[in-house]
Structures are given as C-alpha cells and as structure tokens.
2 protein chains.
Amino acid sequence: MIARRFWAASKEAKMQQLTADQFSLVYNAFSFTLAAMSAATLFLWISRSQVSHAYKTAITISGLVTAIAAYHYYRIFESWNAAYSVKDGIVTATGIGFVDAYRYVDWLLTVPLLLIELVLVMRLTKSETMSRATKLGFAAALMIILGYPGEVATNNATRALWGTLSAIPFTYIMWSLFGGLSKSIDSQPDNVRGLVKQARLLTFASWGFYPIVYMIPYTSLAGSTTEVAVQLGYTLADIIAKAGVGILIYNIAVRKSEAEADGMKVSYAA
Amino acid sequence: MIARRFWAASKEAKMQQLTADQFSLVYNAFSFTLAAMSAATLFLWISRSQVSHAYKTAITISGLVTAIAAYHYYRIFESWNAAYSVKDGIVTATGIGFVDAYRYVDWLLTVPLLLIELVLVMRLTKSETMSRATKLGFAAALMIILGYPGEVATNNATRALWGTLSAIPFTYIMWSLFGGLSKSIDSQPDNVRGLVKQARLLTFASWGFYPIVYMIPYTSLAGSTTEVAVQLGYTLADIIAKAGVGILIYNIAVRKSEAEADGMKVSYAA
C-alpha cells in the first residue's frame with residue numbers, strides 16, 4: 001500500500017514538467033553534494049590519526065555518515081538522469097520514476113549514526129554512552145520510518161498525519177539533546193564546551209530544516225517548483241547535518257585530545 | 001543437471017508478474033543492504049587499529065564477511081534490475097533470469113568465516129581454535145552446498161529433501177555452539193561473557209531465519225508474493241547475521257583488549 005503510493009508518487013508527483021534550468025539546477029546540486037560528502041569522508045578518515053584513542057570511533061562514524069550519504073547521492077544523481085532526458089533544451093520525462101526512497105534509506109542509516117557520533121565525542125561513562133546512544137539511535141530510526149509514508153503520500157492530509165507522528169520521536173530527540181544531555185555538555189572541558197553546544201545547535205538547526213522541506217508541498221507552489229525546492233532543500237540540509245556536523249565533531253575531538261594528552265604525544269599514534 | 005534446473009528455476013519460478021511496488025520494495029531493500037554491508041566493512045577495517053594484536057584477525061575477517069556480502073548485494077541488485085524493466089509504473093520481465101545463485105556463492109564464502117570470527121574473538125588455545133574453526137567451517141560449507149539443489153528445485157519435494165539434508169550440518173553447528181563451545185564461553189572474562197553469549201544467540205537467531213525463508217515456497221502465497229518474501233527475508237537475515245554479528249564481535253574485541261591491556265596503551269597502536 002505504502003509502496004504503491006510510493007510508486008504513484010514517483011510517477012505523478014515526481015515526473016513534473018521541468019524547465020531545462022530547473023533540471024540542471026538540481027542536477028548540479030546533486031553532483032556538488034556527491035563531491036562534498038566524498039571530500040568530507042576522506043578528510044575525516046585521513047585525519048582520524050590526529051585524534052587520541054578515545055575519539056577515533058567518533059571520527060570513524062562521522063566519516064561513515066558522509067560516506068553513506070555520498071553513495072546515496074551517487075544513486076540519486078543517476079536516478080535523476082534516468083528520470084528525465086534533455087535534448088535541445090527541452091526536458092522530457094522518460095517514464096522511469098525518480099527514486100525518492102534513496103533519501104529515506106540513507107537517513108535510516110545515517111541519522112542514528114549522527115546522534116551516536118555526537119554522544120561518542122562527549123566521552124561520557126560507558127554506561128551513559130551506551131544508554132544514550134541506544135535511545136537516541138532508536139528514536140532517530142523511528143522518526144525516519146514514520147516520516148516515509150507521508151513523504152510518498154499523494155495527498156497532503158496523509159502527509160500531515162505521518163509528518164505529525166514522525167514529529168514525536170523528533171521532539172524526544174531534541175528534548176534529550178537540550179534537556180538530559182545538557183548536564184553532560186556543561187561538564188565538558190571549557191575549551192570545547194562552546195563547540196559541543198555549536199554541534200548540538202547545528203544538529204537542531206539542520207534537522208529543523210527537514211520538516212520545513214517536508215511541508216513545502218502544502219504551499220501553493222507549482223508542481224515543478226515544489227519538486228525542485230524539495231530536492232534542493234533536502235540536499236542543503238544533508239550537507240550541513242552530515243558534512244558540517246562531522247567537521248565540528250572532528251574539531252571537538254582534536255581539542256579534547258590536545259587537552260587530555262598534555263604532552264604525552266604517544267596517545268596520538270594512529 | 002543442477003545447473004540446468006537452476007536456470008529453469010531462474011526463468012520460471014523467478015520471473016513472476018511483480019507489481020511496481022513489489023519491485024521497488026525489493027529494489028530498495030537491496031540498495032539499503034549494499035550500503036549497510038559496505039558501511040559495516042569500512043567501520044570494522046578502520047576500527048581494527050583500536051583492538052589489540054590478538055583480536056585483529058577476528059576484526060579483519062568480520063569485515064571480510066560484510067565486504068563479500070556487499071559485493072554480492074551489488075550483483076544481486078544489478079541482476080534484479082536486469083530481470084525486470086519498469087516503465088510508467090508497469091513491471092515487465094525482460095526474460096533475463098534473476099541470478100539467485102549469488103546468495104549461495106556468498107554464503108559458501110561468508111558462513112564459514114562467520115563461525116571462524118566467532119571462534120577467533122574467544123581467543124582459545126591455538127589447538128582448540130584450529131580444530132573448532134576447521135570443523136565448524138567445514139560443516140558450514142556442507143550446509144550451504146546441500147541447501148542449494150533444494151533452493152533451485154522446481155518442486156517442493158526435492159526442496160524438502162535437500163533442505164532436510166542441509167539441516168544435519170546446521171544441527172551439528174548449533175550443537176557445538178551451545179554444547180562444546182559453552183565451556184569455552186563460560187571461561188571468557190566477566191566483562192565480555194554476556195556479549196559472547198549474545199553473539200552466539202544472534203548467530204543462532206539469524207541462522208534459524210534462513211530455513212524459515214527456505215520453506216516459504218511451501219506456503220500458499222502467490223508466486224510474486226513468495227518471491228518478494230524470500231528476497232526480503234534472506235536480506236534481513238543477512239544484515240543481522242553479518243553486519244550485526246560483526247559489530248558485536250568488534251565490541252567484544254575492544255572490551256577484551258582494554259581488559260588485557262590494563263594501562264599499556266602501546267598495544268593499541270595500529
């Protein structure tokens with residue numbers, strides 16, 4: 001049923017009459033994101049050797065998030081090209097549906113990992129790390145799963161229903177980031193407390209962007225404009241939430257490594 | 001003979017009349033699994049430097065298992081796309097058979113390795129490691145080989161015969177995991193004994209899933225529903241048995257490294 005709506009969605013809603021400019025704007029945005037995510041991945045993994053043992057896993061996972069995103073942007077890019085053909089500046093739908101599901105498949109993997117990297121870089125006690133990572137990861141997956149039926153719904157009422165349900169785990173995540181986790185953040189060393197708060201804020205800001213994009217179809221925008229706005233919106237949010245937060249996590253890890261090492265460079269060895 | 005039946009199977013049994021949603025559901029599941037297996041591989045190999053020397057091989061092999069699976073899910077994904085063409089939401093069989101054999105080729109390589117990684121992370125005596133790894137690895141390969149003729153059989157009687165034969169090594173493996181290996185598991189350090197039992201249970205639970213999927217064709221489900229259920233079932237079982245168990249093995253290795261290192265951080269150096 002959901003899948004049927006998905007397919008319907010990818011046929012009706014997605015196969016808009018795009019102008020050549022609209023097509024190439026999205027095309028270029030996808031290619032840009034593929035490059036940006038791949039670059040972030042390489043930076044994080046290569047730089048991993050510069051943080052102390054305690055933070056290596058946080059950096060590994062940050063790079064994993066951007067790597068998974070890079071893979072999906074490659075697929076999304078290919079799917080966009082398969083869905084439309086451009087000749088002499090005229091865009092025509094090929095009849096092959098644009099696979100929107102890639103985004104949700106990506107988020108299902110990356111969003112829980114994003115919260116886990118944030119928890120890991122804080123270096124809490126083993127038990128607190130485990131319990132927070134588990135709860136936040138589960139809530140994140142639930143949020144994505146509940147959002148999908150709405151994304152592929154062909155009518156806005158269904159979209160609103162699932163969007164609202166998905167907002168419940170979203171609220172829980174934000175509540176625990178700004179509530180329960182605040183104590184742990186305040187107990188971070190002075191030289192990184194600001195950065196950790198920045199990472200939390202960037203997570204909140206970029207995530208807050210998704211529901212807004214999710215609601216674009218409610219607007220009175222023309223079908224093709226809606227499609228372009230949704231694609232560009234999600235793409236921008238992905239870059240900030242994954243590459244942006246990943247680089248912040250790296251900065252936090254470096255500063256904490258330096259502070260904790262005080263001179264014993266040994267622990268830097270990769 | 002078997003090959004002929006396999007081909008027949010891949011032409012008749014596999015080329016069902018799928019709906020567009022059945023097609024895209026399996027399509028998305030295959031892409032998700034390709035991403036998940038690749039991500040698990042990268043995580044395991046990058047994090048390998050964080051476990052002490054004694055456990056590096058267990059982590060290398062865990063990553064090898066998910067890497068081999070990623071390769072085969074790429075092939076399976078491509079084969080699925082080659083077997084059907086979707087235009088304007090209508091799925092038609094191209095006449096190119098969906099190659100189911102990839103799964104068995106994958107299992108023939110990965111299932112023995114899965115048991116070997118489980119034995120290795122327990123760090124038994126060299127001689128016990130060798131004999132257990134050999135026996136379990138051989139039994140696992142035999143289990144896969146015996147299952148294949150049934151998988152590709154066009155009638156359920158043949159399927160049942162080979163399925164039953166394949167259940168003999170399966171039973172032996174479970175018997176030795178829960179029998180002979182129990183003593184070794186009880187002799188594991190306290191901080192990991194629970195995790196090792198979890199890994200064993202997850203192996204049992206996920207493996208127990210395969211025979212159930214294997215028997216789906218006995219049900220009265222429509223051909224296309226059967227095909228979709230079999231593909232999704234094997235896919236889910238693969239993710240748990242390979243990526244899930246791999247991450248557990250990593251956690252065991254990390255905890256044991258920390259416990260054994262007591263302070264001599266040197267042994268962490270990659």
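Given the structure is predicted, the values throughout are model-derived calculations rather than measurements. Letters A, B, ... are given to chains in the order of the sequence lines, protein chains preceding strands, and every chain is numbered from 1.
Proximity to chain A (any heavy atom under 4.5 Å) is shown, for B/T19, by neither the backbone nor the side chain. For A/Y102, the part lying near chain B is the side chain, with the backbone staying farther off; criterion is any non-hydrogen pair under 4.5 Å. Looking at A/I61, the atoms closer than 4.5 Å to chain B (heavy atoms on both sides) all sit in the side chain, from C-beta outward.
For the set A/D106, A/V65, A/L109, A/L113, the count of heavy-atom pairs under 4.5 angstrom toward chain B peaks at A/L109.
Under the rule for a ring-ring contact (aromatic ring centres under 6.0 Å, His included), the partners of A/Y250 that lie at least two apart in sequence or sit in another chain are A/F43.
Side-chain N/O atoms of B/Y214 and B/E151 include no donor and acceptor closer than 3.5 Å.
Just one of B/K197, B/R200, B/R193 meets the salt bridge (Lys or Arg N to Asp or Glu O under 4.0 Å) condition when paired with B/D186; it is B/K197.
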Point to revise | Evaluation steps, side-chain hydrogen bond (donor to acceptor under 3.5 Å, both in side chains), between A/Y73 and A/D238 | key: CA-CA 10 Å; A/Y73 271 93; A/D238 276 346; 2.7 Å; yes

